[in-house]
Novice: 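Here it is, the structure, as structure tokens.
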Amino acid sequence: VQLQASGGGLVQPGGSLTLSCAASGSISSIPIMGWYRQAPGKEREMVAIISNMGSTGYVDSVKGRFTISRDNAKNTFYLQMNVVKPEDTAVYYCKVVFPPGPWGLGTLVTVSS
């Protein structure tokens with residue numbers, strides 16, 4: 001299945017943004033999907049993951065601020081980003097985590113006043 005991330009843009013600190021990841025096919029049977037990010041000069045890191053049973057996991061730096069969700073009927077999953085900080089600035093990627101899938105094009109999120 002091919003994934004396409006969208007929804008990035010410029011947002012002020014403390015603001016909100018929702019990223020979407022649209023799949024070319026059904027995602028209902030995919031065990032784990034997730035969002036990653038890569039900030040300038042840093043390594044790519046996992047931000048949030050979600051299982052097909054709805055279990056979620058987050059990197060400590062976004063816990064309580066970001067929420068990952070999936071809509072199997074729409075073959076789409078999301079990352080709701082609240083109370084964003086300048087350190088959230090990065091290119092965000094969606095990915096099939098398990099079984100391992102390819103990296104696609106990301107979407108740039110810039111947090112700045």
Side-chain angles (χ1 to χ4, degrees):
V1 63
Q2 301 296 316
L3 303 177
Q4 179 62 58
S6 63
L10 176 63
V11 58
Q12 293 187 341
S16 298
L17 199 65
T18 300
L19 304 183
S20 299
C21 182
S24 60
S26 175
I27 65 171
S28 61
S29 63
I30 297 177
I32 302 176
M33 308 189 76
W35 287 95
Y36 289 72
R37 67 185 179 187
Q38 187 166 18
K42 295 187 177 181
E43 294 187 354
R44 195 171 296 183
E45 66 171 351
M46 184 277 291
V47 176
I49 56 174
I50 185 167
S51 76
N52 58 350
M53 299 300 290
S55 298
T56 59
Y58 300 90
V59 66
D60 285 348
S61 59
V62 308
K63 284 181 179 177
R65 300 190 297 119
F66 290 11
T67 302
I68 188 171
S69 62
R70 61 194 289 170
D71 186 336
N72 290 339
K74 295 183 178 180
N75 295 327
T76 303
F77 66 108
Y78 307 92
L79 185 68
Q80 174 68 43
M81 306 169 62
N82 296 326
V83 195
V84 296
K85 305 176 180 180
E87 51 263 43
D88 294 322
T89 295
V91 177
Y92 284 73
Y93 302 85
C94 56
K95 188 179 185 296
V96 175
V97 179
F98 184 82
W103 292 102
L105 297 177
T107 186
L108 176 63
V109 173
T110 303
V111 182
S112 175
S113 55

Novice: Could you state whether Tyr92 and Leu108 fall into the same hydrophobic cluster, counting links through intermediate Ile, Leu, Val, Met, Phe, Trp or Tyr residues with side-chain heavy atoms under 4.5 angstrom apart?
Specialist: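 Different clusters.
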Novice: Rounded to the nearest 0.5 Å, how far apart are CD1 of Ile49 and CE of Met33?
Specialist: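 So the CD1 of Ile49 and the CE of Met33 are separated by 12.5 Å.
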Novice: Hey, what do you get for NZ (Lys95) to CE (Met46), rounding to the nearest 0.5 Å?
Specialist: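 That separation rounds to 12.0 Å.
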Novice: For Thr56 and Ile68, work out which heavy atoms get closest and say how close.
Specialist: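 Scanning both residues completely, I find the closest heavy atoms to be CG2-CG2, 3.6 Å.
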Novice: Tell me whether Val59 shares a hydrophobic cluster with Val91, the cluster being built from Ile, Leu, Val, Met, Phe, Trp, Tyr side chains joined at under 4.5 Å.
Specialist: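 Different clusters: Val59 never reaches Val91 through Ile, Leu, Val, Met, Phe, Trp or Tyr contacts under 4.5 Å.
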Novice: In this structure, which one of Thr18, Val109, Val11 forms a side chain to side chain contact (heavy atoms under 4.5 Å, CB included) with Met81?
Specialist: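 The single option meeting the side chain to side chain contact (heavy atoms under 4.5 Å, CB included) with Met81 is Val109.
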Novice: Transitively linked via ILVMFWY side-chain contacts under 4.5 Å: Tyr78 with Val96?
Specialist: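 No, it is not one cluster - the side chains of Tyr78 and Val96 are not joined through contacts under 4.5 Å.
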Novice: Side-chain contact test, heavy atoms from C-beta onward, threshold under 4.5 Å: evaluate it for Trp35 versus Phe66 and give yes or no.
Specialist: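 When only atoms from C-beta onward are counted, Phe66 and Trp35 do not touch, as no gap falls below 4.5 Å.
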Novice: Can you get from Val47 to Tyr58 by hopping between Ile, Leu, Val, Met, Phe, Trp and Tyr side chains that sit under 4.5 Å apart?
Specialist: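 Yes.
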Novice: Stepwise, does the side-chain contact (heavy atoms from CB on, under 4.5 Å) test hold for Ser29 with Asn52?
Specialist: CA-CA 7 Å; Ser29 63; Asn52 58 350; 5.8 Å; no
Novice: Tell me the closest heavy-atom pair linking Ile27 and Asn72, and the distance in Å.
Specialist: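 Nearest pair, atom of Ile27 first, then Asn72: CG1-OD1, 3.4 Å.
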Novice: Measure the shortest side-chain to side-chain distance between Pro31 and Ser51 over non-hydrogen atoms and say whether it is less than 4.5 angstrom.
Specialist: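 No, every pair of side-chain atoms sits at 4.5 Å or beyond.
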Novice: Looking only at non-hydrogen atoms, find the nearest pair between Ala39 and Thr89 and report the distance.
Specialist: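 It is CB-O, 3.5 Å.
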Novice: Please indicate whether Gln2 has more than 12 foreign heavy atoms, meaning atoms of other residues, nucleotides or ligands, lying under 6.0 Å from its CD.
Specialist: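 No, the 6.0 Å shell around CD holds no more than 12 heavy atoms from other groups.
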Novice: Which heavy atom of Leu105 sits nearest to which heavy atom of Ala5, and what is that distance?
Specialist: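 Closest pair (atom of Leu105, atom of Ala5, distance): O-CB, 4.0 Å.
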Novice: Would the distance check show the side chain of Ser113 and the main-chain N or O of Gln12 forming a donor-acceptor pair, the cut-off being under 3.5 Å?
Specialist: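 Checking the backbone N and O of Gln12 against the side chain of Ser113, no donor-acceptor pair under 3.5 Å is found.
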Novice: Give the C-alpha distance, both sets of side-chain angles, the deciding distance and a yes or no for side-chain contact (heavy atoms from CB on, under 4.5 Å) between Arg37 and Leu79.
Specialist: CA-CA 12 Å; Arg37 67 185 179 187; Leu79 185 68; over 6 Å; no
Novice: Closer than 4.0 angstrom, basic N to acidic O: yes or no for Lys63 and Asp60?
Specialist: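 Salt bridge present between Lys63 and Asp60.
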Novice: Kindly work out whether a path of hydrophobic side-chain contacts (I/L/V/M/F/W/Y, heavy atoms less than 4.5 Å apart) joins Tyr93 to Val97.
Specialist: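 Yes, same cluster.
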Novice: From the options Ser69, Ser20, Cys94, select the one residue that forms a side chain to side chain contact (heavy atoms under 4.5 Å, CB included) with Phe77.
Specialist: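 By the side chain to side chain contact (heavy atoms under 4.5 Å, CB included) criterion, Phe77 pairs with just one of Ser69, Ser20, Cys94: Cys94.
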Novice: Any idea which heavy atoms bring Asn82 and Ser16 closest together, and the distance?
Specialist: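 Taking every non-hydrogen atom into account, OD1-OG, 3.0 Å.
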Novice: Under 3.5 Å, is there a donor on one side chain and an acceptor on the other for Ser28 and Ser26?
Specialist: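 Ser28 vs Ser26: donor-acceptor pair found between side chains.
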Novice: Restricting to non-hydrogen atoms, name the atom on Leu3 and the atom on Ala23 that form the minimum distance, rounded to 0.1 Å.
Specialist: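 Result for this residue pair: CD2-CB, 3.6 Å.
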